[in-house]
Amino acid sequence: MSRIVDGSAHTSAPVLAAYRYCETVTGQQARNFAYGIRLLPQEKRQAMSALYAFSRRVDDIGDGDLDPATKRVRLEETRAMLGRVRDGEVSEDDTDPVAVALADAARRFPIPLGGLDELIDGVQMDLRGETYESWDDLKVYCRCVAGGIGRLSLGVFGTVPGARDAEHASSYADTLGLALQLTNILRDVREDAGNGRTYLPAEDLAKFGCSAGFSQPVPPAGADFAGLVHHEVRRARALFAEGYRLLPMLDRRSGACVAAMAGIYRRLLERIAADPEAVLRGRVSLPGREKAYVALRGLAGLDTRHAARGRA
């Protein structure tokens, strides 16, 4: 699909078209993600868009209107496509542009494709309607749907030669994925309740009197909803602090990408902390100008330097 010509990578027209499709999907459906990957050089940006397009397909199956049995069939079909990618059986004229782009990305970068299997496993957990008694239980789900994405992304980014503690890079990428997913769970608590899903640990809900759920734009009667949110915010902050230790291990543009994506979610977390009940009234988000500022901050390396000082 891609070959070296005069010392540079030459990508065929069908593969370029597949990447353009994935980049379109990313630009249209991944507002926060897109702010980060636009900071990457072309090959890494293409690979990340292929990972996103595959992940989007899996998420759309899980969140769509199909009946559960059909969803399970579609997920297994998607897993079979991933198997073809893993086995090198996808040709550049394959009719599935996501498969073509992902196969090319996997040839260019040491992407641990098992992370995409984990994503499918996580969506299957949703289809089974699983709930989580403790944070340790919820971590299993978060690692499937987000920690694996962190490790996949690290396969594209790589670490700089001689990076201190580079052997822990995969663990930090995984932890940063958990931080983003826990922030997502807090942001979407009302939307998820409307879809019959509860992700926050049952023991936390009970501790703060919130076991009745979040189907209304106000907290359950007698509940300490703010206490629950602040409890989860403290957990997410600790995960961000641990995951940010990845930044000094990355090259400048990869570090900027991670800092931008993580920074957007970190600011979203702080906005939720400032007004916990806002997540019951509607979807909390950041304005575009603030996202742009976070991206510029990442490109300037401010978060990377801060993380490096913290490690020192």
Side-chain angles (χ1 to χ4, degrees), residues 22-23 25-27 29-40 44-63 75 78-79 81-82 85-86 98-99 101-102 105-106 108-126 138-159 168-188 199 236 239-240 242-247 249-250 254-266 268-269 298:
C22 293
E23 289 179 315
V25 170
T26 303
Q29 302 190 43
R31 292 183 295 272
N32 293 340
F33 189 80
Y35 267 92
I37 69 169
R38 69 180 59 176
L39 303 176
L40 295 170
K44 290 185 178 182
R45 185 174 66 250
Q46 289 173 332
M48 291 295 288
S49 69
L51 289 174
Y52 178 82
F54 182 94
S55 302
R56 181 76 264 167
R57 177 178 296 181
V58 174
D59 286 344
D60 285 347
I61 293 171
D63 294 336
L75 287 173
T78 306
R79 197 189 296 274
M81 181 267 270
L82 180 60
V85 170
R86 184 182 289 111
V98 177
L102 186 60
R108 295 178 184 232
F109 299 99
I111 299 173
L113 293 173
L116 294 175
D117 279 303
E118 292 178 48
L119 175 62
I120 295 172
D121 293 341
V123 173
Q124 289 176 327
M125 293 168 75
D126 282 338
L138 180 58
K139 275 196 295 188
V140 175
Y141 171 78
C142 290
R143 284 211 159 93
C144 284
V145 299
I149 300 301
R151 286 178 265 117
L152 287 157
S153 301
L154 182 62
V156 175
F157 299 145
T159 57
H168 300 302
S170 180
S171 175
Y172 295 147
D174 182 277
T175 299
L176 200 52
L178 265 63
L180 269 60
Q181 185 61 26
L182 183 53
T183 303
N184 264 337
I185 288 171
L186 287 173
R187 180 194 64 187
D188 297 340
Y199 292 104
L239 293 169
F240 273 113
E242 176 80 5
Y244 268 42
R245 298 177 72 176
L246 174 67
L247 293 179
M249 303 178 187
L250 306 177
S254 296
C257 173
V258 174
M261 289 189 290
I264 288 171
Y265 278 88
R266 179 64 192 266
L268 182 63
L269 181 72

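Quantities reported herein were computed from a predicted structural model and do not represent experimental measurements. Position 1 is the first residue of the sequence; numbering continues from there.
Nearest heavy atoms, Gly62 versus Val123: CA-CG1, 3.6 Å. For the residue pair Leu250 and Phe157, the shortest heavy atom distance occurs at CD2-CB, 4.2 Å. Contact between Gly243 and Thr175 at its shortest, heavy atoms only, is N-CG2, 4.0 Å. The two atoms that bring Leu39 and Ala260 nearest to each other are CD1-CB, 4.0 Å, heavy atoms only. Of all heavy-atom pairs between Leu182 and Leu239, the closest is CD2-CD1, 4.3 Å. The heavy-atom pair separating Ala50 from Val98 by the smallest distance is O-CG1, 4.4 Å.
Relative ring orientation between Tyr244 and Phe240 is described as perpendicular, the plane-to-plane angle rising above 60° on a 0-90° scale split at 30° and 60°.
Rounded to the nearest 0.5 Å, atoms CZ (Arg187) and CG (Leu180) are 10.0 Å apart. From Leu178, atom CG reaches atom SG of Cys142 across 5.0 Å, with rounding to the nearest 0.5 Å. Annotation: the span from Leu116 atom CG to Arg86 atom CZ amounts to 8.5 Å, rounded to 0.5 Å. Atom-to-atom distance recorded for Leu119:CG and Arg143:CZ is 15.5 Å, nearest 0.5 angstrom. Rounding to the nearest 0.5 Å gives a distance of 5.0 Å between CD1 of Ile61 and CG of Leu75. Rounding to the nearest 0.5 angstrom, the gap separating the CD1 atom in Ile185 from the CD atom in Gln181 is 5.0 Å.
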Step-by-step side chain to side chain contact (heavy atoms under 4.5 Å, CB included) determination, Leu247 to Tyr172: CA-CA 9 Å; Leu247 293 179; Tyr172 295 147; over 6 Å; no
Leu152 vs Phe109, side chain to side chain contact (heavy atoms under 4.5 Å, CB included): CA-CA, chis, key distance, verdict: CA-CA 10 Å; Leu152 287 157; Phe109 299 99; over 6 Å; no
Worked check of side chain to side chain contact (heavy atoms under 4.5 Å, CB included) between Gln46 and Cys22: CA-CA 8 Å; Gln46 289 173 332; Cys22 293; over 6 Å; no
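Formation of a donor-acceptor pair under 3.5 Å by the Tyr52 side chain with backbone atoms of Gln29 is found in this model.
A salt bridge links Asp121 with Arg79; the closest basic N to acidic carboxylate O contact falls under 4.0 Å.
Taking 4.5 Å as the limit, every side-chain heavy atom of Val156 sits out of range of all side-chain heavy atoms of Leu40. Contact of the Leu102 side chain with the Leu82 side chain is registered, since non-hydrogen atoms from C-beta on lie closer than 4.5 Å. For the pair Tyr199/Asn184, no side-chain contact is recorded, criterion being any heavy-atom separation below 4.5 Å from C-beta on.
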Name each donor-acceptor pair under 3.5 Å that joins a side chain in residues 144-151 to protein atoms two or more places apart or in another chain, with its distance.
{"unit_1": "Arg151", "atom_1": "NE", "unit_2": "Asp174", "atom_2": "OD2", "d": "3.0"}
{"unit_1": "Arg151", "atom_1": "NH1", "unit_2": "Glu118", "atom_2": "OE2", "d": "3.1"}
{"unit_1": "Arg151", "atom_1": "NH2", "unit_2": "Glu118", "atom_2": "OE1", "d": "3.1"}
{"unit_1": "Arg151", "atom_1": "NH2", "unit_2": "Asp174", "atom_2": "OD2", "d": "3.1"}

